Amino acid sequence: MMGRSVSFVRRLGASVVDGIWRLGFATRFMVLLLVYSGQSFRRLHLTIREIYFSGVLSLLIIIVSGLFVGMVLGLQGYETLQRFGSGDALGVLVALSLTRELGPVVAGLLFASRAGSAVTAEIGLMKTTEQLKAMDMMAVSPIARVVAPRFWGGVISMPFLAAIFSTMGVVGGWLIGVVFIGVDAGAFWSQMQAAVDFRYDVLNGVIKSVVFGVAVSLIAVFEGYDCTPTAEGVSRAITRTVVSSALAILALDFVLTSFMFRG
Amino acid sequence: MSRTTLDLWVGLFVLIGAAALLFLSLRVGNLSSANFAETYPIRVQFDNIGGLKVRAPVKSAGVVVGRVSDIRLDIESYRAQVIMDLDKRFEFPRDTVASILTSGLLGEQYIGLDAGADDEMLKGGDGLPIGQSAVVLEKLIGQFMFNKAAE
């Protein structure tokens, strides 16, 4: 009995120490990443390559899901709005919910599962096959050569992807609302333009997507770099990337929203 | 994949992203219509501002000429002090009347400016005479009931 409770306390202590150690390691890792960024920017094609892999190759999923999210918003929004006789306000509903929330958040979640997981897998496998160590032996910093370009590729891609998502969503809402249901096109656009403010809505959405891009990319490269160098360790790291990115995006979204849109 | 194709794709991606941002700010947002390059502040006091909010539009003859930038309670007169930023391109006479109006039955509230006939124009920092307050529905109903009871 006594022995069991002592071992429980010991395990608790070990997990707390481990958690704090990981947090400290992640912070040191981030500082190193920023320090080596200058070095990796001098070889810009590395970063451009990563923009291709995490940005360009995510385009299709972002465009298609943006279109569908917008179309669903159009259908559901019109269904509810027309009960109050304000079907004309459909454009406002679609545009505001996309630019403020859905664009950055859903694009961030898709980005984490499409590009973040790939980055973790790549870095994790490099670590498992000791490619990172080999680089170190050749006096090439793996953070400057492998990690920093992947981080910046994600950070740069994310705002563009979120903007594309929101745009496709608005187009989807327009398609359903104006083309299929028959909301007046003039009212759709003019009410939207009257209600959506550039600085308050659009710019805040862009800021959100930049923050999510930093969070997701950092989690992805860190989990890859930190993974246990086995096949199982890599698969766990990928799972952790997707789960903690999703949690980080939703939690950060709440914090940012409470600062940005206080009414 | 060769480097030139890679560069081409990334360039295309950035272009599409920039076009999407441009679409959001110009077509969805109101950057093109409500971007007042230079503005001047005008003060006006109201007995009751109803549901007027900061960033509400200021309209003259239905045309947006500015936005409400600040609302606070003047502790000396216990009136609402509203500061609005008007576009430099539009000048108004000193005896302009400001009133709080509602667009539509359930729409948002805005400030309407009715230009006066004074020769002198308003300058930045000037104050208008007390504006016409918002119509508060409860008061209107109360007045109606009172009148009915008096008949």
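Bear in mind the structure is a predicted one, so any value in this text is a computation, not a measurement.
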If you take all heavy atoms of B/Val28 and A/Val196, which pair is closest and at what distance?
-> O-CB, 3.4 Å
What residues, two or more places apart in sequence or in another chain, satisfy side chain to side chain contact (heavy atoms under 4.5 Å, CB included) together with A/Thr257?
-> A/Glu101, A/Lys208, A/Asp253, A/Phe261
So which bits of residues 62-72 of chain A come within less than 4.5 Å of chain B, counting non-hydrogen atoms only?
-> none
If you count the non-hydrogen atoms of other residues, nucleotides and ligands that lie under 6.0 Å from CD in A/Gln131, is the total more than 12?
-> yes
Name the option with the most non-hydrogen atom pairs under 4.5 Å to chain B; the candidates are A/Gly55, A/Ala162, A/Ala95, A/Ser86.
-> A/Gly55
Taken to the nearest 0.5 Å, the spacing of B/Leu24 CG from A/Leu203 CG works out to 11.0 Å
Interface check, chain A: of B/Asp7, B/Val10, B/Val14, most non-hydrogen pairs under 4.5 Å belong to B/Val10
Over 12 foreign heavy atoms within 6.0 Å of OH, A/Tyr36 = no
Within residues 110-120 of chain A, contacts to chain B at heavy-atom distances under 4.5 Å involve none
A/Val170 versus chain B, the contacting section by heavy-atom distance below 4.5 Å = side chain
So how far is it from B/Phe13 CZ to A/Ile48 CD1, rounded to the nearest 0.5 Å?
-> 12.5 Å
Close side-chain approach of A/Ile164 to B/Ile16, heavy-atom, < 4.5 Å | yes
Between A/Val94, A/Val56, A/Ile51, the one whose heavy-atom pairs under 4.5 Å with chain B are most numerous | A/Val56
How would you list, in number order, the residues of residues 148-161 of chain A that have a heavy atom less than 4.5 Å from chain B?
-> A/Ser157, A/Phe160, A/Leu161
For B/Gly17 and A/Ala163, the nearest pair of non-hydrogen atoms, with its separation, is O-CB, 4.3 Å
Over 12 foreign heavy atoms within 6.0 Å of CH2, B/Trp9 | no
Might you confirm whether atom CG of B/Asn147 has over 12 heavy atoms from other residues, nucleotides or ligands at distances under 6.0 Å?
-> yes
Part of A/Val206 lying under 4.5 Å from any heavy atom of chain B | side chain
Mind listing the closest non-hydrogen atom pair of B/Arg27 and A/Gln193 along with its distance?
-> O-NE2, 2.8 Å
